[in-house]
Amino acid sequence: FFRELLWEMEMEEVWKDIPGYEGLYMASSLGRIRSLGRWKKSRKGCNDYYQLGRLLKQSPTWNGYPSVALHRRGERQKTYKVCCLVLLTFSGPKPMGMECRHFPDRDVLNSRIDNLSWASHLTNIRDRIVHGTESRGEKNPSAKLTRPLIELIKHLASLDEVKYRN
C-alpha cells in the first residue's frame, strides 16, 4: 500500500480511453482501469438507468498478472491483462511478434507505464536471467540435484579417476 502511495506521489496519473472501448473504459498511467458512467437498460428492458463509473477490481490470472473483464453492449465480456491494456492505451497496438515486458521492475503487479514496454520473447527470457527468476538448476521444480550434491559427485568421480589411473 505504501509503495503504491509513493509511486502516485512521484508520477501524475494520466487517464486515456482504451482503444476499442472508447467512452466505456479508461486506463491510467499508474496501471489502473476504470469504467465510465453510462446509461444501461434493465434486464427486462422496460427502464433505463445510469450506472456510475468506478475503478475496476483487478483479479490475478493463473500466473499472477492482474486482469480485468471488459465488455461492450451486445457482446460477451473479455478478460485482459492490465499491463497489456496500459501498453495498448499509451504505446499503441502490439507489434507483430512482441509481448508485454516488465522492466526494470520484474514485479507483475507493477503495471505503471514507465515499467512496461513491448519486447520480443527472447528479451523477456533474458530479463528473467538478469532478475534471477529463471528456473534453472535448483530453482527448477523438477530438479533432483542440489549444488552441494553435484560438488560431492564431482569430487567422488575425481577420486575414482585417480584410483583407476594407478
Side-chain angles (χ1 to χ4, degrees), residues 1-136 139-142:
F1 171 75
F2 292 111
R3 187 172 74 178
E4 288 179 17
L5 189 62
L6 287 173
W7 283 344
E8 288 180 20
M9 290 169 49
E10 291 173 13
M11 183 177 178
E12 186 177 327
E13 190 166 24
V14 177
W15 290 93
K16 288 187 177 181
D17 279 328
I18 297 173
Y21 292 92
E22 292 87 351
L24 298 172
Y25 298 97
M26 296 180 95
S28 138
S29 57
L30 297 180
R32 302 192 302 172
I33 308 295
R34 74 176 177 194
S35 64
L36 300 176
R38 58 184 173 261
W39 284 97
K40 295 181 89 173
K41 287 190 181 291
S42 67
R43 292 197 188 269
K44 295 182 181 177
C46 54
N47 295 334
D48 288 348
Y49 65 96
Y50 189 77
Q51 181 179 9
L52 294 174
R54 63 181 178 86
L55 282 175
L56 298 185
K57 180 183 174 195
Q58 299 182 9
S59 304
T61 59
W62 65 272
N63 53 357
Y65 286 87
S67 66
V68 292
L70 307 182
H71 71 277
R72 291 181 277 252
R73 181 177 279 190
E75 294 182 15
R76 294 184 69 147
Q77 74 178 16
K78 188 168 180 190
T79 303
Y80 296 94
K81 289 182 187 173
V82 171
C83 59
C84 293
L85 288 175
V86 171
L87 265 176
L88 173 68
T89 303
F90 288 93
S91 299
K94 180 174 93 165
M96 188 89 135
M98 299 292 184
E99 55 189 41
C100 182
R101 175 187 188 206
H102 286 262
F103 196 84
D105 180 5
R106 181 77 183 135
D107 184 11
V108 297
L109 300 177
N110 181 2
S111 294
R112 290 172 36 142
I113 189 59
D114 59 355
N115 187 50
L116 301 174
S117 63
W118 296 120
S120 68
H121 183 67
L122 182 61
T123 305
N124 263 336
I125 301 266
R126 288 182 179 145
D127 288 347
R128 282 192 278 175
I129 294 169
V130 168
H131 289 291
T133 55
E134 179 71 12
S135 61
R136 290 185 175 184
K139 291 183 181 179
N140 188 318
S142 300

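Side chains included, hydrogens not; waters and symmetry mates left out as well; all remaining heavy atoms used.
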So is R72 actually on top of Y21's ring, under 6.0 Å and inside 45° of the axis? yes
CZ-CG distance between F103 and L116, expressed to the nearest 0.5 angstrom: 13.0 Å
If you look at every heavy atom in H71 and L24, which pair is closest and at what distance? O-CD1, 4.2 Å
Please list all pairs passing the side chain to side chain donor-acceptor pair (under 3.5 Å) test where one or both residues lie in residues 53-62, with sequence neighbours left out. T61-N63
Picking from I33, L88, V86, L85, what satisfies side chain to side chain contact (heavy atoms under 4.5 Å, CB included) with Y80? L85
Answer yes or no: is there a donor N or O on one side and an acceptor on the other, between the side chain of E75 and the main chain of R73, under 3.5 Å? no
Between M26 and S28, is there a side-chain heavy-atom distance shorter than 4.5 Å? no
Cationic tip of R101 within the cone over W118's six-membered ring, i.e. under 6.0 Å and within 45° of the normal? no
Quick check for you: to the nearest 0.5 Å, what is the distance between D48 atom CG and R38 atom CZ? 13.5 Å
Donor-acceptor pair, N115 side chain versus D105 backbone, under 3.5 Å? yes
With the side chain counted from C-beta on, respond yes when E13 and R32 share a heavy-atom pair under 4.5 Å apart, and no when they do not. yes
Donor-acceptor pair, side chain of N110 and main chain of R112, under 3.5 angstrom: yes
Within a strict 4.5 Å, meaning less than it, do heavy atoms of the L55 and R34 side chains meet? yes
Are any of the side-chain heavy atoms of F90 and V14 separated by less than 4.5 Å? yes
Those residues that, when tested against R128, pass salt bridge (charged side-chain N to carboxylate O under 4.0 Å, His left out) (two or more places apart): E134
With the side chain counted from C-beta on, respond yes when Y65 and P60 share a heavy-atom pair under 4.5 Å apart, and no when they do not. no
Does the pair K94/E99 count as a salt bridge with the N-to-O cut at 4.0 Å? no
What is the distance from atom CG of L87 to atom CE of M98, rounded to the nearest 0.5 Å? 12.0 Å
Which pair of heavy atoms, one from G31 and one from V82, lies closest together, and at what distance? O-CG1, 3.4 Å
Using the side chain to side chain contact (heavy atoms under 4.5 Å, CB included) rule, take I113 and T89 through it: C-alpha gap first, then chi angles, then the decisive distance, then the call. CA-CA 10 Å; I113 189 59; T89 303; over 6 Å; no
Using the side chain to side chain contact (heavy atoms under 4.5 Å, CB included) definition, which of the options P66, S111, S67 pairs with C83? S111
